Novice: 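This is the structure I have questions about; it appears just below.
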Protein chains: 2
Amino acid sequence: MDIKTLCLGLLCDGDASGYDLKKQFESTFKHFYPAGYGSIYPSLAVLADQGLVQCHAMPQDKKPDRKVYRITEAGRQVFETSLADASPEHKLRSEYLVAMYFADYLEPEQLEQMLTNWNQTLSDGVARLDLIEQEFGPDVPPGTRFVLGFGKALATAMASYVEENRSLLLPATSTRNKRVDARIESSSTAQTTNLENRV
Amino acid sequence: MDIKTLCLGLLCDGDASGYDLKKQFESTFKHFYPAGYGSIYPSLAVLADQGLVQCHAMPQDKKPDRKVYRITEAGRQVFETSLADASPEHKLRSEYLVAMYFADYLEPEQLEQMLTNWNQTLSDGVARLDLIEQEFGPDVPPGTRFVLGFGKALATAMASYVEENRSLLLPATSTRNKRVDARIESSSTAQTTNLENRV
DNA sequence: TGCAGCATGTAATTTGTTACATGATTAA
DNA sequence: TTAATCATGTAACAAATTACATGCTGCA
């Protein structure tokens, strides 16, 4: 699944311009599938080329034409197929976890700073999701409620975990060297142990 | 932060070959920063070029030379700097959530299937992390314990959330149309409402 | 005066993934 | 005999990010 498919999906819910779609990608979708103009505009162009959407240009005073896109029958079918076909992927990429893994290469104050920072980011995230939910008013569509709730639940779980386990990373005694030895030994299947040949 | 930096970090803990590093990326790092040969080998070549690591080729019978990499002083410094400098990013990209958002475009059975699938994937993930932890024996290094625990906590939280909220997505009455209308109205700042010009 | 919002896009770059290419050993 | 482990890499491709480029309106 890529941004093209996502645009198609959003257009299933109604006509929109690239600018409109961007707003969705920055609000409801931000925590699990963000996208910028650089991906959205080219996607729409391709979709129009393929006949999966139609473009209607609406002239405006002193602004570029507002290009409103509407999904076609073909587009709708393509979307539904790719939604059902895909074996969905769920990927996390976290530099925070990298930093935590290597915590003993950080100064304690840096580590503290980073943990504080992370916590702040997480609660900001929850607040942001709450705001979005409020903006929908009383009738939040089920899918939207599900993904917003998911985001909040995850952020909360992460914050708790970090709070409850930060002590793991602070102690004075590092075990890093033990791990090192373990890895070197287990991977020494080579014939020679001499590291010095052919520097 | 990129795979190069990660390799550098892992080499701070001891010499290793590309093959060795891959194993780390596929075990401890898999849930938050996976990488394949296609990223690792080129990374090591670049790092060697830049003098951040040194390469020692160890001849082997009927196998390609085993190339063991060792970090240099310069490499260590570069790593520590980038670890401290980075304002860490934490990114999720989930096609499952996309599918849930668009749940009412799926057949109920497909949705059920997908939810079951997701749950299975999550518990497999927890099992995998448990196994890795066990393989370390009694002395799991703190950073490792932190990231493995994090992975388990997250997966568990996700599974709970999905279980507790799947009902949100199943009801017969869809609210999708309401949302559609809402968006179309709120974005109608254009001068003309006529979508038919310049098809 | 300056910034946020409206509104479009392109092009270069970065980054990583996938597929390809090779080939021995060992345990089930 | 077949799959997994060991062991290296390259090249084409896909995808998305970032920076660039333009320009009006309305508010503080």
Side-chain angles (χ1 to χ4, degrees), chain A residues 1-7 15-27 29-30 32-49 55-69 82 89 91-93 95 183 186-192 198, chain B residues 1-7 15-27 29-30 32-49 55-69 82 89 91-93 95 98 186-192 198:
Chain A
M1 199 176 299
D2 52 14
I3 308 289
K4 275 201 295 293
T5 312
L6 264 286
C7 289
D15 301 343
S17 65
Y19 194 84
D20 292 333
L21 293 181
K22 171 74 170 355
K23 282 189 287 189
Q24 302 249 322
F25 279 111
E26 293 289 287
S27 61
F29 280 65
K30 184 149 189 226
F32 68 95
Y33 225 116
Y37 293 128
S39 335
I40 296 168
Y41 284 123
S43 289
L44 290 172
V46 171
L47 291 172
D49 249 31
C55 175
H56 310 265
M58 326 238 277
Q60 294 181 113
D61 261 6
K62 325 247 182 172
K63 275 190 230 175
D65 285 3
R66 190 177 133 87
K67 294 192 180 175
V68 175
Y69 293 86
S82 38
E89 290 191 343
K91 287 184 186 173
L92 176 65
R93 174 145 292 187
E95 294 176 357
R183 193 182 63 206
S186 74
S187 71
S188 292
T189 45
Q191 290 186 315
T192 166
R198 205 206 285 181
Chain B
M1 197 175 299
D2 53 15
I3 308 289
K4 276 200 295 293
T5 312
L6 264 286
C7 289
D15 302 343
S17 65
Y19 193 84
D20 292 334
L21 293 181
K22 172 72 169 358
K23 282 189 288 186
Q24 302 251 319
F25 279 110
E26 293 289 288
S27 61
F29 280 65
K30 186 154 188 222
F32 67 96
Y33 226 115
Y37 293 127
S39 337
I40 296 168
Y41 284 123
S43 290
L44 290 171
V46 171
L47 291 172
D49 249 30
C55 176
H56 309 264
M58 325 238 278
Q60 295 181 111
D61 260 6
K62 324 247 182 171
K63 276 190 229 173
D65 285 3
R66 190 177 134 87
K67 295 193 179 174
V68 175
Y69 293 86
S82 38
E89 290 190 343
K91 289 183 185 173
L92 176 66
R93 174 144 293 187
E95 294 175 358
V98 172
S186 73
S187 70
S188 291
T189 45
Q191 292 185 315
T192 168
R198 204 206 288 184

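As the structure is a computational prediction, the values presented were derived from the model and not from experiment. The sequence lines fix the lettering, A, B, ..., with proteins before strands; numbering per chain opens at 1.
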Novice: Compare the minimum distances between each of dT8(D), dT8(C), dA15(D) and the side chain of Asp2(A), then state the nucleotide with the smallest one.
Specialist: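 My answer, after comparing the listed nucleotides, is dA15(D).
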Novice: Can you tell me how far C1' of dA16(D) sits from NZ of Lys4(A), to the nearest Å?
Specialist: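 After rounding, the reported distance stands at 11 Å.
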Novice: Of the nucleotides dT15(C), dA16(D), dT10(D), which has the atom closest to the Tyr41(B) side chain?
Specialist: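 Selected nucleotide (nearest to the side chain): dT10(D).
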Novice: Closest approach to the side chain of Tyr69(B), judged atom by atom: which nucleotide of dG9(D), dT8(C), dT17(D) is it?
Specialist: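 Given the options dG9(D), dT8(C), dT17(D), the side chain of Tyr69(B) is closest to dG9(D).
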Novice: For the residue pair Ala35(B) and Lys22(B), what are the closest heavy atoms and their distance?
Specialist: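 Closest heavy-atom pair between Ala35(B) and Lys22(B): O-CD, 3.6 Å.
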Novice: Could you provide the dot-bracket string of DNA chain C, using ( ) for intrastrand pairs, [ ] for crossing pairs and | for bases paired to another strand, with Watson-Crick or G-U pairs below 3.5 Å?
Specialist: ||||||||||||||||||||||||||||
Novice: If I compare all heavy atoms of Asp2(B) with all of Tyr33(B), which pair ends up nearest, and what's the gap?
Specialist: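 Shortest heavy-atom separation between Asp2(B) and Tyr33(B) comes out as CA-OH, 4.0 Å.
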Novice: Check the distance between dG9(C)'s P and Ile3(A)'s CD1 and give it to me in whole angstrom.
Specialist: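 That distance rounds to 17 Å.
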Novice: Would you say the side chain of Arg66(B) lies within less than 4.5 Å of the side chain of Asp20(B), judging by non-hydrogen atoms?
Specialist: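 Yes, close enough: below the 4.5 Å cut-off.
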Novice: Give the rounded distance in Å between these two atoms: CG of Leu44(A) and P of dA16(D).
Specialist: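 Those two atoms, CG and P, are 13 Å apart.
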Novice: Counting heavy atoms from C-beta on, name the nucleotide in dG16(C), dA7(D), dA16(D) closest to the side chain of Tyr33(B).
Specialist: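 The nucleotide sitting nearest to the side chain is dG16(C).
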Novice: Restricting to non-hydrogen atoms, name the atom on Pro59(A) and the atom on Asp65(A) that form the minimum distance, rounded to 0.1 Å.
Specialist: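 Result for this residue pair: CA-OD1, 3.7 Å.
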Novice: Output the rounded distance in Å from CG (Leu21(A)) to P (dC6(C)).
Specialist: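 To the nearest whole Å, that distance equals 14 Å.
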Novice: Starting at the 5' end of DNA chain D, which residue's closest nucleotide do you reach first, Pro64(B) or Lys91(B)?
Specialist: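 By nearest-heavy-atom nucleotide position, the 5'-most residue is Pro64(B).
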Novice: Using the side-chain heavy atoms of Arg93(A), tell me which of these nucleotides is nearest: dT17(C), dG23(D), dT8(C).
Specialist: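 Nearest to the side-chain atoms of Arg93(A), counting from C-beta on, is dT17(C).
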Novice: Indicate whether OP1 or OP2 belonging to dC6(C) is found under 4.0 Å from a side-chain N or O atom of Tyr19(A).
Specialist: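 Result: yes.
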Novice: Do any side-chain nitrogens or oxygens of Ser39(B) fall under 4.0 Å of OP1 or OP2 in dT17(C)?
Specialist: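 Indeed, a polar side-chain atom of Ser39(B) lies that close.
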Novice: Answer whether the closest heavy-atom distance between the side chains of Tyr69(A) and Leu47(A) falls below 4.5 Å.
Specialist: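 Tyr69(A) vs Leu47(A): side chains apart.
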Novice: Between atom NZ in Lys30(A) and atom P in dT17(D), what is the gap in whole Å?
Specialist: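 My rounded result for the distance is 12 Å.
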Novice: State, with a plain yes or no, whether a side-chain heavy atom of Leu44(B) is found less than 4.5 Å away from one of Leu21(B).
Specialist: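 In contact.
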Novice: Return whichever of Tyr37(B) or Ser43(A) has its heavy-atom-nearest nucleotide of DNA chain D closer to the 5' end.
Specialist: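 The answer here is Tyr37(B).
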Novice: Does Lys67(B) place a side-chain N or O at less than 4.0 Å from the phosphate oxygens OP1/OP2 of dG9(D)?
Specialist: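 Indeed, a polar side-chain atom of Lys67(B) lies that close.
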Novice: Minimum heavy-atom separation for Gly38(A) to Pro42(A), with atom names?
Specialist: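 Closest approach of Gly38(A) to Pro42(A), heavy atoms only: O-CG, 3.2 Å.
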Novice: How many Å lie between CG on Asp65(B) and C1' on dT8(D), as a whole number?
Specialist: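 Distance, rounded to whole Å: 9 Å.
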Novice: If only side-chain N and O atoms of Gln60(A) are considered, is one of them under 4.0 Å from the OP1 or OP2 phosphate oxygen of dC6(C)?
Specialist: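 Answer is no, no contact under 4.0 Å.
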Novice: For the residue pair Tyr41(A) and Gly18(A), what are the closest heavy atoms and their distance?
Specialist: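 Closest heavy-atom pair between Tyr41(A) and Gly18(A): CE2-CA, 3.8 Å.
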Novice: Please state how far atom CZ in Arg66(A) lies from atom C1' in dC6(C), giving the value in whole angstrom units.
Specialist: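 Distance check: Arg66(A) CZ to dC6(C) C1' gives 10 Å.
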Novice: Mind calculating the distance between CZ (Phe25(A)) and C1' (dT17(D)) to the nearest angstrom?
Specialist: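 So the two atoms are 15 Å apart, to the nearest Å.
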